[in-house]
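In what follows, a structure is listed as structure tokens, so that the remarks can point back to it.
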Amino acid sequence: MTGTFQFADMLQTIADRGRRFLSLAPRDDENPVTGTTSLCETLLSSRGEASGMALAQNILRRWQGFSQEEQRAFMLLLLQDFGPDLGRLERAIEEYRRDQGPEALLELHLAAEPRRQELIRRLNLAPNGIRTLVQMREALLKLKDLAPELAAVDADFAHLFGSWFNRGFLLLRPIDWSTPANVLEKIIRYEAVHDIGGWDELRRRLEPEDRRCFAFFHPQLSDDPLIFVEVALTRDIPSSIDSLLREDRTVLPAGEATTAVFYSISNCQAGLRGVSFGNFLIKQVVEDLRRDHPRLQTFVTLSPVPGFARWLSGELRNEVSDALPDAAREVLRQTEEPGWEEREQGADVLEAALTTAAASYFLRARDPQGRVVDPVARFHLGNGARLERINYLADRSPRAMRQARGLMVNYLYKLDEIETNHEAFAARGEVVTTPAIRRMIPADRGSRGLLPAPGASSNPHEHEKQHKAPTESAS
């Protein structure tokens, strides 16, 4: 990291020299937004390295001082005034119509690129420019909800970030109790799945020999993780988060572990939403764990189901539900009453109804784009995992009860099936799962409006004899 800091210092020195040649202080009567966009025009026409870096740094500093309304006005000016050069684009189109050769095609490509893409590239020249640009996109994503037309500006940020945060530039680093405190503090703050209550709890997740944590870093954000995963080394596939996180658990000698459990994956930078590197993280961690612990045979998650409660409430409100039989709907209405999870009477029937509803949610529920509804499911199934087991009341934390009625699921990464599973999901929309989960969904809901028998939840080992290849697609 010393080299990174030295490079940053060098950039700052160049920017400081460039600033001496420019008058960059805003005038008292200058509109901060239009004045900043004027500087953006100057930056695009700049040819000097030092002056360009100084301009970029000044623009980003101004941005950081903007109010939300000024940020919105600035982004709208980027949309309106920094699109493609329309005259050049029209000429390129006419030339391509006359001659569809490679030179005309290249000119058409260059002419169609919005000028703001080059502007963003030049802003990245500023010392710590990439950090501020990530913060800028975080603000843009919020503004886009109020001004959907800004989607074009966001597309330019996302396009460039996809290159700048390419896997080839990222560094995988283990996080342990000896990691610098400023990074550990961010792990506590960024944890998005299972809250870390403080330093003592963080220590319990990092220090024992049966715990691992890995994070991706970018060279220009060397003290700020992009995404991290927490791993538990166990003997079995866990069915509840408490078995992994409780304070009085027995530590397993790492050499006795046969299963690696990915129990929390947290994206850290809101400004990088939609930039995919989580799949690379899992694959790299699996490789590192297999190298260091040859006895590991099973790689599995214990994952939240963040969209399930919202979907279930919608199905219960509907006058008629294609996903839930009437008998199950009556039982499942109990889950909208406070304290339902503590009731012992009828618990088996409720468990069967809830896990069956979850099976329907994963295998049949689709969003308007035709995608699996649950975002965590889309991530793991898209990476080649299979839906292995649905766990009833696996997480009783307030957030999990609110978002998922306490459900968690295991996604299994079976290494010799990952590519096949990925193709099944990506190309045909098939949700690869076990026979036990498939049997929860009757072929004809209308003729079988019955609850499954109590205890008919999925068996995590049943597929070993029956599952040969993905056979069923959710429709």
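From a predicted model like this one, the values you see are computed outputs, not experimental measurements.
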Original post:
Do Glu191 and Arg399 meet the salt-bridge criterion of a basic N to acidic O distance under 4.0 Å?
Top reply: no
Original post:
So, the side chain of Asp374 versus the backbone of Ala377: is there a donor-acceptor pair under 3.5 Å, distance only?
Top reply: yes
Subject >> Heavy-atom check, side chain of Ile187 versus side chain of Pro225, under 4.5 Å >> reply: yes
**OP:** Tell me, yes or no, whether the heavy-atom count around Glu319 atom CD, taken from other residues, nucleotides or ligands under 6.0 Å, exceeds 12.
**Re:** no
Subject >> Donor-acceptor pair, side chain of Arg211 and main chain of Arg204, under 3.5 angstrom >> reply: no
Subject >> Whether Trp164 and Phe161 hold their rings parallel, tilted or perpendicular, with breakpoints at 30° and 60° >> reply: tilted
Original post:
Is Arg249 salt-bridged to Asp210, going by a charged N under 4.0 Å from an acidic O?
Top reply: yes
Subject >> Under 3.5 Å: donor-acceptor pair, side chain of Arg389, backbone of Pro238 >> reply: yes
**OP:** Answer yes when Asp154 and Arg273 have at least one side-chain N-carboxylate O distance shorter than 4.0 Å, and no when they do not.
**Re:** no
Original post:
Given Arg317 and Glu336, is the salt bridge (Lys or Arg N to Asp or Glu O under 4.0 Å) satisfied, shown in steps?
Top reply: CA-CA 11 Å; Arg317 284 195 303 269; Glu336 301 197 320; 5.5 Å; no
Subject >> Step-by-step salt bridge (Lys or Arg N to Asp or Glu O under 4.0 Å) determination, Arg122 to Glu118 >> reply: CA-CA 6 Å; Arg122 296 193 180 203; Glu118 180 60 22; 3.0 Å; yes
Original post:
Under a 4.0 Å N-O cut-off, is there an ion pair linking Arg386 with Glu417?
Top reply: yes
Original post:
Does a side-chain N-to-carboxylate-O contact under 4.0 Å join Glu287 and Lys283?
Top reply: no
**OP:** Anything under 30° is parallel, anything over 60° is perpendicular, the rest tilted; go ahead and classify Phe169 against His218.
**Re:** tilted
Subject >> Salt-bridge present (Lys414, Glu388; N to O < 4.0 Å) >> reply: no
Original post:
Going by an N to O cut-off under 4.0 Å, is there a salt bridge joining Arg203 and Asp200?
Top reply: no
**OP:** Report, as yes or no, whether the 6.0 Å neighbourhood of atom CZ on Arg290 holds more than 12 heavy atoms from other residues, nucleotides or ligands.
**Re:** no
**OP:** Starting at CG of Leu108, measure out to CD1 of Ile93 and round the result to the nearest 0.5 Å.
**Re:** 6.0 Å
Subject >> Residue pairs passing the side-chain hydrogen bond (donor to acceptor under 3.5 Å, both in side chains) test where at least one lies in residues 231-242, sequence neighbours excluded >> reply: Arg235-Glu256
Original post:
Distance only, no hydrogens: is a donor on one side chain within 3.5 Å (strictly under) of an acceptor on the other, for Ser313 and Arg405?
Top reply: yes
**OP:** Indicate yes or no: at least one non-hydrogen side-chain atom of His194 is less than 4.5 angstrom from one of Glu230.
**Re:** no
**OP:** Spell out, as yes or no, whether a donor-acceptor pair under 3.5 Å connects the side chain of Asp99 to the backbone of Gly101.
**Re:** yes
